[in-house]
Amino acid sequence: MKTRMLIGLLSFVVLAGLVLAAQDKYTLKVPGGLAFSEFRGYEAWQTISVSRNEKVVTTILGNPAMINAFQLGIPGNGKPFPDGAKMAKIHWTPKQNEFFPGTTVPDKLANVDFMVKDAKRFADSGGWGYAVFDYDTTSDTFKPGTLASVPPQGNDARCGFACHTQVKTRDYVFTNYGKR
């Protein structure tokens with residue numbers, strides 16, 4: 001009886017340790033204050049667009065404020081996105097679909113990028129805050145992107161601004177909202 005109780009107790013302790021060791025991605029932040037938690041629920045956001053190159057397969061998602069802005073014609077109508085508009089880009093390494101060989105599908109998660117419009121908070125970066133969180137498949141954890149990331153990321157909430165200045169006339173957004 002004591003042996004069973006000891007085994008049961010040890011099993012409980014090991015299981016509790018595994019649960020406690022699991023990462024809560026929503027506690028992560030990039031310097032400058034942009035937090036993963038600001039994008040809670042992004043996995044269920046509507047798709048804005050998809051893209052692919054030889055390195056990654058990407059889906060670009062938007063929160064309801066972002067989707068509504070696109071549906072109103074922003075940025076093509078020259079108006080800026082509203083504060084609170086958010087985007088998430090999920091990148092996976094590509095692989096060939098085993099059932100349809102001419103098709104590329106997502107394989108391993110690589111990273112998740114975020115953008116949020118907040119004109120006051122990010123006045124010095126076109127009103128947008130940016131974050132990249134790299135994913136480590138071995139440990140099943142995320143960490144803020146760094147200069148060692150691919151592509152290299154400045155590790156702060158303005159990390160994407162330099163690249164996005166190319167589309168300043170589109171309120172710093174590259175992505176087009178595809179016809180539905």
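All of these numbers come straight from a predicted model, not from anything done at the bench.
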So, applying side chain to side chain donor-acceptor pair (under 3.5 Å) with Asp171, which one of Lys117, Lys79, His164 is it?
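When side chain to side chain donor-acceptor pair (under 3.5 Å) is applied between Asp171 and each of Lys117, Lys79, His164, only Lys117 qualifies.
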
Specify the closest pair of heavy atoms between [X] and [Y], including all atoms of both residues, with the distance to one decimal.
X: Ile60; Y: Ser51; answer: CD1-OG, 4.4 Å
X: Tyr26; Y: Ser37; answer: O-CB, 3.3 Å
X: Phe39; Y: Met115; answer: CE2-O, 3.5 Å
X: Ala65; Y: Gly84; answer: CB-O, 4.1 Å

Min side-chain heavy-atom separation [X]-[Y] under 4.5 Å:
X: Asp140; Y: Tyr135; result: yes
X: Thr175; Y: Met87; result: yes
X: Val50; Y: Thr58; result: no
X: Pro75; Y: Tyr172; result: no

Keeping the roles fixed (side chain from [X], backbone from [Y]), state whether a donor-acceptor pair exists under 3.5 Å.
X: Asn97; Y: Phe99; result: yes
X: Thr93; Y: Lys108; result: yes
X: Asp107; Y: Lys95; result: no
X: Asp118; Y: Trp128; result: no
X: Gln96; Y: Thr104; result: no

Determine whether [X] and [Y] fall in the same hydrophobic cluster, where Ile, Leu, Val, Met, Phe, Trp and Tyr are linked whenever their side-chain heavy atoms lie under 4.5 Å apart.
X: Val56; Y: Phe142; result: no
X: Val57; Y: Tyr42; result: no
X: Ile48; Y: Tyr130; result: yes

Give the other cluster members for Val167, using side-chain heavy-atom distances under 4.5 Å between Ile, Leu, Val, Met, Phe, Trp and Tyr residues; answer none if it is isolated.
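Under the 4.5 Å side-chain rule, Val167 groups with Phe174.
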
For Phe133 and Phe36, take the angle between the two ring planes, folded into 0 to 90°, and tell me which bin it lands in: parallel under 30, tilted 30 to 60, perpendicular over 60.
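If you compare the ring of Phe133 with that of Phe36, the planes turn out tilted.
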
Mind checking side-chain hydrogen bond (donor to acceptor under 3.5 Å, both in side chains) for Thr138 and listing every partner two or more places apart, or none if nothing turns up?
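Applying side-chain hydrogen bond (donor to acceptor under 3.5 Å, both in side chains) to Thr138 gives Asp136.
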
Salt bridge (Lys or Arg N to Asp or Glu O under 4.0 Å) with Arg121: which residues, sequence neighbours excluded?
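So Arg121 forms a salt bridge (Lys or Arg N to Asp or Glu O under 4.0 Å) with Glu38.
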
Can you check side chain to side chain contact (heavy atoms under 4.5 Å, CB included) on His91 and Asp113, steps first, answer last?
CA-CA 8 Å; His91 296 109; Asp113 303 354; 3.1 Å; yes

Kindly check if the number of other-residue, nucleotide or ligand heavy atoms within 6.0 Å of NZ (Lys143) is above 12?
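Count not over threshold, so no.
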
Please assess Lys86 against Trp45 for the test side chain to side chain contact (heavy atoms under 4.5 Å, CB included), listing each intermediate value before the final yes or no.
CA-CA 10 Å; Lys86 297 178 182 181; Trp45 290 353; 3.5 Å; yes

